[in-house]
There are 2 protein chains.
Amino acid sequence: MVTKALPKDQPTRDRIVQAADDLFYRRGFEHTSFADIAAAVQISRGNFYYHFRSKDEILSAVIQARLSEREEMLARWDTELKAPADRIRRFIDILTRNRALILQHGCPVGTLCSELAKLSHAARPEADELFALFRTWLRRQFTLLGLREKPDALAMHVLARTQGVATLANALRDETFLQREVREMHDWLDALATCPMPPPPRRKVH
Amino acid sequence: MVTKALPKDQPTRDRIVQAADDLFYRRGFEHTSFADIAAAVQISRGNFYYHFRSKDEILSAVIQARLSEREEMLARWDTELKAPADRIRRFIDILTRNRALILQHGCPVGTLCSELAKLSHAARPEADELFALFRTWLRRQFTLLGLREKPDALAMHVLARTQGVATLANALRDETFLQREVREMHDWLDALATCPMPPPPRRKVH
DNA sequence: GTCTATACCTGGATAGAC
DNA sequence: GTCTATCCAGGTATAGAC
């Protein structure tokens with residue numbers, strides 16, 4: 001979710017993964033060719049196969065890199081922020097912090113998962129772990145908040161709303177909308193955290 | 001959003017558009033080749049170019065077809081359902097009605113717009129009209145509901161939530177989640193329609 | 001209107017020199 | 001570790017017969 005530099009004094013393998021990560025995000029996996037990555041890393045196309053056996057192997061490495069990057073981020077938040085409500089707020093604020101990229105390219109997690117689903121790609125389950133990672137972390141925060149009855153539903157709700165905002169903000173390139181929705185999610189969370197009771201009466205199913 | 005048959009007694013051009021529509025949805029635009037469409041329509045690859053000058057032209061035709069199909073659907077709802085709240089409910093229920101397809105392939109509108117954004121494809125603005133169509137229609141319903149202050153924000157909110165649910169339900173193939181979120185959107189709408197007042201106090205920005 | 005044949009290109013992947 | 005040269009599959013698009 002962060003724009004990266006490409007320091008030349010890094011192992012070539014890592015530079016390939018970084019460049020691929022960035023290009024897969026901006027142009028999509030399938031639409032990115034070896035020629036594109038090679039140009040970004042400034043190596044020859046043939047050189048790839050010293051580091052990876054196939055394009056799919058690069059994809060795998062990219063997903064793993066994204067996973068560990070997100071894990072570190074969440075761990076950092078856990079130490080920096082003590083109140084679970086603050087941590088959830090920080091999660092929601094990803095939308096604001098990365099709004100420039102999101103407006104241009106959408107959510108890196110959501111768009112990758114959608115693309116791999118259409119491609120029926122073998123790495124799909126790996127990519128879905130990115131969602132699972134956030135889901136588990138959010139669930140823990142809601143549990144800590146005292147909402148023990150349905151922390152998972154709340155986690156999924158937050159994931160879905162942020163996904164929707166990212167998709168729509170990207171399609172319509174509407175930053176105002178993005179900011180407004182972030183505010184509303186904050187309000188929603190405030191109401192939830194202030195009064196840790198199960199929200200308004202649920203209609204019966206049918 | 002509806003699975004279509006491929007009646008042989010239809011003009012070939014229309015059959016191409018239908019088959020392409022379906023394949024673009026299930027596999028994505030870029031990942032679908034002429035060979036795939038040709039197999040579905042049972043014509044030869046060369047024959048395409050009698051009906052369309054390029055793949056992009058097929059895409060354009062597919063988007064136009066989707067646009068008019070959705071327009072008709074909304075017009076139908078307008079005559080069938082008199083209460084604007086019922087119309088909005090029907091919109092939300094697209095998720096339930098098409099859940100099988102959505103779980104497998106996501107939202108046809110959202111996934112197409114995301115893909116075209118990554119491809120920097122010329123047809124992107126055309127595809128975005130699909131969102132604009134729903135947005136305008138929803139805005140009108142919210143206005144009719146008596147929520148004249150921010151009908152557009154509400155329309156966008158509904159669009160975003162349905163998008164998010166579709167994306168996440170697709171990634172995690174979670175039908176229970178989809179159904180639960182639909183129920184919560186119904187509850188949300190009920191609260192809104194019952195008390196047509198601007199919702200709870202908004203926090204100040206900063 | 002539909003077909004076959006084919007041109008042309010791009011993209012992933014391999015071989016082997018340095 | 002990196003390069004050049006090359007192969008091959010698959011994709012879009014064209015030409016021209018039927």
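Numbered from 1 within each chain, the chains take letters A, B, ... in sequence-line order.
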Rounded interatomic separation in angstrom, taking CG from B/Asp36 and P from D/dA9
18 Å
Which residues pass the salt bridge (charged side-chain N to carboxylate O under 4.0 Å, His left out) test with A/Asp56, not counting sequence neighbours?
none
Using whole Å, report how far CG of A/Leu119 lies from C1' of C/dG11.
15 Å
List for me each residue that meets ring-ring contact (aromatic ring centres under 6.0 Å, His included) alongside A/His31, sequence neighbours excluded, and say none if there are none.
none
Does a side-chain N or O of B/Thr12 approach OP1 or OP2 of C/dT2 to a distance below 4.0 Å, or not?
yes
Output the rounded distance in Å from CD (A/Gln42) to P (D/dC3).
10 Å
Which residues share a ring-ring contact (aromatic ring centres under 6.0 Å, His included) with A/Phe91, sequence neighbours left out:
A/Phe134
Residues in salt bridge (charged side-chain N to carboxylate O under 4.0 Å, His left out) contact with A/Arg97, at least two apart in sequence or another chain
none
Residues touching DNA chain D, which here means a heavy atom under 4.0 Å, drawn from residues 43-55 of chain A:
A/Ile43, A/Ser44, A/Gly46, A/Asn47, A/Tyr50, A/His51
For atom CD of A/Glu30 and atom C1' of C/dT10, their distance in whole Å:
13 Å
Take the protein atom NE2 of A/His121 and the nucleotide atom P of C/dG12, then report the distance between them rounded to whole Å.
11 Å
So, using salt bridge (charged side-chain N to carboxylate O under 4.0 Å, His left out) as the criterion, who are the partners of B/Arg53 when residues are at least two apart?
B/Glu57
Taking the six-membered ring where the residue is Trp, are the ring centres of A/Phe34 and A/Tyr49 under 6.0 Å apart?
yes
D/dG11 P sits how many Å from B/Asp56 CG, rounded?
16 Å
